[in-house]
Protein chains: 2
Amino acid sequence: MRYRAEILTIGDELLKGSVLNTNALFLARELTDMGFSVQAQVACPDSPAVIGQKLAQALSDRGDLVILSGGLGPTPDDVTREALAHYFQVPLVFSKAQYAGIKKHYRKHGLSTVPSDVRKEAYYPENAVPLMNRYGIALGFYVRQGNGLVVVLPGVPSELEKMFKELVRPLLVRHFSDLEPRPKLVVKIVGLSEPAIMRKLGRDFFKGHPFEFGIYPEAGEVSIRIMADRQKIIQRLTAKIKKRLGRSVYAYEENRVLSEAVGKALVLRKRTLSIAESCTGGTLSSEITKIPGASRYFKGGMVVYHNSLKEDLGIEKSLLKKKGAVSREVALALAKAVRRRMRTYYGIGITGIAGPTGGSAQKPVGLVFIGLATPQTARLKKILFWGDRRQVQTKAAKKALEYLWHEIQ
Amino acid sequence: MRYRAEILTIGDELLKGSVLNTNALFLARELTDMGFSVQAQVACPDSPAVIGQKLAQALSDRGDLVILSGGLGPTPDDVTREALAHYFQVPLVFSKAQYAGIKKHYRKHGLSTVPSDVRKEAYYPENAVPLMNRYGIALGFYVRQGNGLVVVLPGVPSELEKMFKELVRPLLVRHFSDLEPRPKLVVKIVGLSEPAIMRKLGRDFFKGHPFEFGIYPEAGEVSIRIMADRQKIIQRLTAKIKKRLGRSVYAYEENRVLSEAVGKALVLRKRTLSIAESCTGGTLSSEITKIPGASRYFKGGMVVYHNSLKEDLGIEKSLLKKKGAVSREVALALAKAVRRRMRTYYGIGITGIAGPTGGSAQKPVGLVFIGLATPQTARLKKILFWGDRRQVQTKAAKKALEYLWHEIQ
């Protein structure tokens with residue numbers, strides 16, 4: 001059975017454009033994966049009247065499931081629980097269990113008393129079932145509406161995500177027991193542009209049984225997402241993609257990132273890595289160390305921002321003077337030097353012009369050199385990136401990971 | 001005059017959670033800054049029926065302005081222009097001017113013929129006024145509805161943003177000529193929790209002339225956003241905040257980040273900085289170097305992930321063995337050593353347990369020591385952070401910036 005879902009994200013900060021709505025993305029993806037047909041995402045203000053109106057609209061649009069998030073905090077502008085109680089015409093009741101959790105939370109952090117305004121976060125509408133929040137303060141809850149469900153979750157993304165996975169997903173599986181997840185294929189690709197991917201896939205890729213196809217460029221890489229009615233169609237498409245895109249695919253999973261795929265490949269081959277980065281200023285090291293267990297292959301890095309630090313690492317002053325800090329020679333020398341100094345198998349050296357100033361006709365903003373050294377060789381990539389300072393930094397870090405990925409294979 | 005606006009973003013990819021809805025954020029912020037009251041953001045699927053229904057709802061909710069984006073592309077699933085023509089019961093007509101632009105675009109890229117499905121991107125509803133797209137293929141347009149406006153823009157973010165600034169903003173200023181941008185105050189705060197800020201502001205802060213107040217925790221800091229009817233109210237509130245929150249406020253601007261405020265303070269005092277980070281793995285260096293001109297005060301950093309690198313920096317093996325790599329002694333030693341090695345005024349040393357593994361009863365996951373050394377002294381902060389690995393890393397980096405910020409003042 002296909003059920004219809006609607007997502008209501010609540011908060012003036014969304015309507016004023018103060019924060020990016022990542023909760024809507026997370027919930028949409030999770031619900032789609034479970035087999036729901038998401039009909040709309042609505043962001044609405046911290047206004048009980050508007051929340052009530054949008055909830056009524058969602059339910060009247062034959063919504064089987066409405067998930068609301070946000071507006072459960074301690075401050076006066078947080079009115080979601082009051083709005084729900086008003087909508088259902090029931091009083092708010094107190095969850096002793098959640099309040100005990102809040103007190104424990106405070107004690108753990110050396111605070112003996114819970115402020116009175118925080119107490120309100122343990123309340124829920126009388127007709128609701130509480131959803132305990134072990135990761136924060138605000139209680140979630142859900143209400144049965146006819147055959148459907150209204151679920152309310154806190155807006156803090158980490159709390160929302162954990163509560164969804166631990167409490168809401170099992171609840172939905174129980175409640176909508178004949179839900180049919182549609183087979184899905186996620187393909188994460190580096191080193192090929194959108195048109196290049198389409199050319200490699202070819203026109204005949206789209207013949208035969210129909211399927212839904214989406215291709216999305218994001219931050220130096222491209223994702224393909226496919227949904228079909230049967231697993232067999234997905235299998236056939238997967239085989240074609242493997243053949244036609246080859247090693248440009250680094251993952252067939254939604255939440256895998258390139259630095260994780262690189263990390264797994266390094267562990268598998270028992271290889272270690274060190275980095276000397278200049279223009280990326282720590283961005284590549286940060287990207288690598290965000291992966292749990294990175295200490296197994298990453299020994300360390302240097303942010304050789306100032307030329308004196310490049311010299312400390314063993315780059316000769318004369319080379320820096322003759323070729324310039326942003327040069328293929330210095331990128332190679334950094335890769336070799338950091339590899340030697342930190343005694344690793346791979347060494348990466350990055351130097352470039354992130355901007356907005358510092359560019360010239362010969363060396364424009366966006367120019368980046370990436371050196372990659374192994375015990376046997378040292379190679380180099382020269383790339384000109386588009387974008388502002390931050391985009392150049394993140395794209396260069398991604399490009400270095402891509403380079404390493406292809407080298408390890 | 002206050003006008004009400006609603007934003008409709010169209011595309012199945014939004015409802016499946018395949019792409020982040022940055023257009024909604026951009027439009028919400030621009031409209032709010034212009035003085036509109038944004039009532040809702042609605043993401044809806046590529047379905048003519050749903051688009052028509054959501055547009056009708058938006059207009060019936062007393063919407064003076066409805067902006068739609070997306071679904072103007074060449075593929076069969078792009079149906080926004082057809083949906084609008086159907087809603088207004090008018091035929092689609094052809095823009096020769098836009099088509100000439102499309103042909104030019106194709107020629108520029110070495111293509112002599114425009115594919116037939118691309119031709120449809122030059123059509124618009126007969127009752128609309130075209131908005132020429134110089135940055136891409138799809139024509140935008142707008143329709144007068146009573147006293148209000150319905151504006152339709154392509155969904156490619158770069159095209160949408162440029163067309164909004166060049167065409168839509170002037171149109172809105174002309175059409176809603178008595179639009180009054182509301183005075184706005186943004187306050188960015190570190191080192192105080194939401195409840196602590198509320199206590200410090202006090203109850204009397206909210207007395208007197210009414211104003212809109214929002215308080216938003218995000219990644220180790222808190223923002224306050226206030227809107228009022230008159231600049232005088234904003235001035236009075238600003239004075240109160242300055243007095244009550246003092247040096248915990250690092251900026252009174254929307255787009256200022258803490259690392260930028262720290263950078264300005266360092267430049268002002270002609271001080272330099274270096275960093276030795278372990279558990280944060282480059283995150284602090286990356287945060288600092290994303291600011292243009294960081295090379296004026298940031299000399300460099302070391303990601304001392306492996307213990308051998310800590311020893312290379314001069315941390316004694318016996319200290320690492322006796323106290324452990326995660327200890328107040330090692331954090332202090334890292335701060336002092338990196339300051340000396342890199343010859344800077346400030347040195348920061350960070351060591352901790354980012355998790356998910358590696359914790360113990362004495363040293364749990366989330367425990368972080370931050371050392372801060374100057375030529376005169378060396379001080380230490382011990383903090384236990386909540387959250388997953390990435391959160392611990394980003395919060396610890398933010399906390400180190402906060403520590404430095406207070407030290408510089």
Side-chain angles (χ1 to χ4, degrees), chain A residues 12-22 24-30 32 38-45 50 54 57 74-75 77 115 117-118 158 214 216 225 281-286 288-290 292 294-295 298-306 308-309 342 355-357 389-390 393, chain B residues 13-22 24-26 28-30 32 38-45 50 54 57 194-195 198 213-216 218 223 225 281-286 288-290 292 294-295 298-306 308-309 342 356-357 387-391 393:
Chain A
D12 288 346
E13 69 277 20
L14 298 170
L15 298 174
K16 288 180 180 152
S18 301
V19 301
L20 199 51
N21 198 344
T22 55
L25 176 83
F26 170 82
L27 291 170
R29 185 176 289 176
E30 292 289 327
T32 302
V38 179
Q39 296 295 305
Q41 297 163 349
V42 178
C44 71
V50 181
K54 297 293 176 191
Q57 274 174 6
T75 52
D77 56 322
D117 47 359
V118 170
S158 60
Y216 311 105
R225 289 189 186 79
T283 305
L284 179 56
S285 296
S286 176
I288 285 170
T289 58
K290 78 179 189 192
S295 58
F298 182 63
K299 283 187 94 173
M302 287 193 70
V303 182
V304 288
Y305 223 55
H306 200 270
S308 65
L309 299 191
M342 304 205 178
T357 59
R389 179 181 180 85
R390 195 62 188 150
Q393 289 177 324
Chain B
E13 70 277 19
L14 298 170
L15 298 174
K16 288 181 181 152
S18 300
V19 301
L20 200 50
N21 197 344
T22 54
L25 177 83
F26 170 81
R29 185 175 289 174
E30 292 288 327
T32 302
V38 179
Q39 296 296 303
Q41 296 163 349
V42 178
C44 71
V50 181
K54 297 293 175 190
Q57 274 173 7
E194 246 186 293
M198 297 306 285
F213 179 91
I215 180 163
Y216 312 107
E218 26 187 319
S223 297
R225 289 187 186 81
T283 307
L284 178 56
S285 296
S286 175
I288 285 170
T289 57
K290 79 180 188 192
S295 58
F298 182 63
K299 283 188 91 173
M302 288 192 68
V303 181
V304 288
Y305 223 55
H306 201 270
S308 65
L309 299 192
M342 304 207 178
T357 59
D388 63 22
R389 179 181 180 84
R390 195 61 190 152
Q391 287 172 315
Q393 290 177 323

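Small disclaimer: the values here were computed from a predicted structure and weren't measured. Below, chain A is the first sequence line, B the second, and so on; all start at residue 1.
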Practice task
Please look at A:D12 and chain B and tell me whether the side chain, the backbone, both or neither of the residue comes under 4.5 angstrom of a heavy atom of that chain.
Solution key: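 For A:D12, the contact with chain B is made by backbone and side chain together.
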
Practice task
Answer with side chain, backbone, both or neither: which region of A:L309 has an atom nearer than 4.5 Å to a non-hydrogen atom of chain B?
Solution key: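 The side chain, not the backbone.
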
I need the residue from [options] with the largest number of non-hydrogen atom pairs under 4.5 Å to chain B.
options                       : result
A:E13, A:R225, A:M342, A:Q393 : A:E13
A:E30, A:Q41, A:R29           : A:Q41
A:P115, A:S158, A:S18         : A:S18
A:A294, A:G281, A:G300        : A:G281
A:G214, A:S295, A:G355        : A:S295

With rounding to the nearest 0.5 Å, note down the distance linking [atom1] in [X] to [atom2] in [Y].
X      : Y      : atom1 : atom2 : answer
A:T283 : A:I288 : OG1   : CD1   : 11.0 Å
B:Y216 : B:E194 : OH    : CD    : 10.0 Å
B:T289 : B:L284 : OG1   : CG    : 9.5 Å
B:Y305 : A:S285 : OH    : OG    : 10.0 Å
B:L20  : A:T22  : CG    : OG1   : 7.0 Å

Practice task
Return yes if a side-chain donor-acceptor contact under 3.5 Å exists between B:R390 and A:S286, otherwise no.
Solution key: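 Indeed, the side chains of B:R390 and A:S286 share at least one donor-acceptor pair under 3.5 Å.
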
Exercise for the section: Please report the closest heavy-atom contact between B:L14 and A:A28, naming both atoms and the distance. Expected result: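 Looking at all heavy atoms of both residues, the closest pair is O-CB, 3.7 Å.
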
Handout entry: B:F213 vs A:T75, side chain to side chain contact (heavy atoms under 4.5 Å, CB included): CA-CA, chis, key distance, verdict
Key = CA-CA 10 Å; B:F213 179 91; A:T75 52; 5.7 Å; no

Tell me which of these, [options], has more heavy-atom pairs under 4.5 Å with chain A than the rest.
options                       : value
B:Q39, B:M302, B:K54, B:K299  : B:K299
B:V38, B:D388, B:V304, B:I215 : B:V38
B:G282, B:G301, B:S308        : B:G301
B:L15, B:V50, B:N21           : B:L15

Problem - Interface moiety of B:M198 toward chain A, non-hydrogen atoms closer than 4.5 Å - result: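 For B:M198, the side chain is the part near chain A, not the backbone.
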
Handout entry: Contacting region of B:T357 [heavy-atom separation from chain A under 4.5 Å]
Key =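 B:T357 has no heavy atom closer than 4.5 Å to chain A.
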
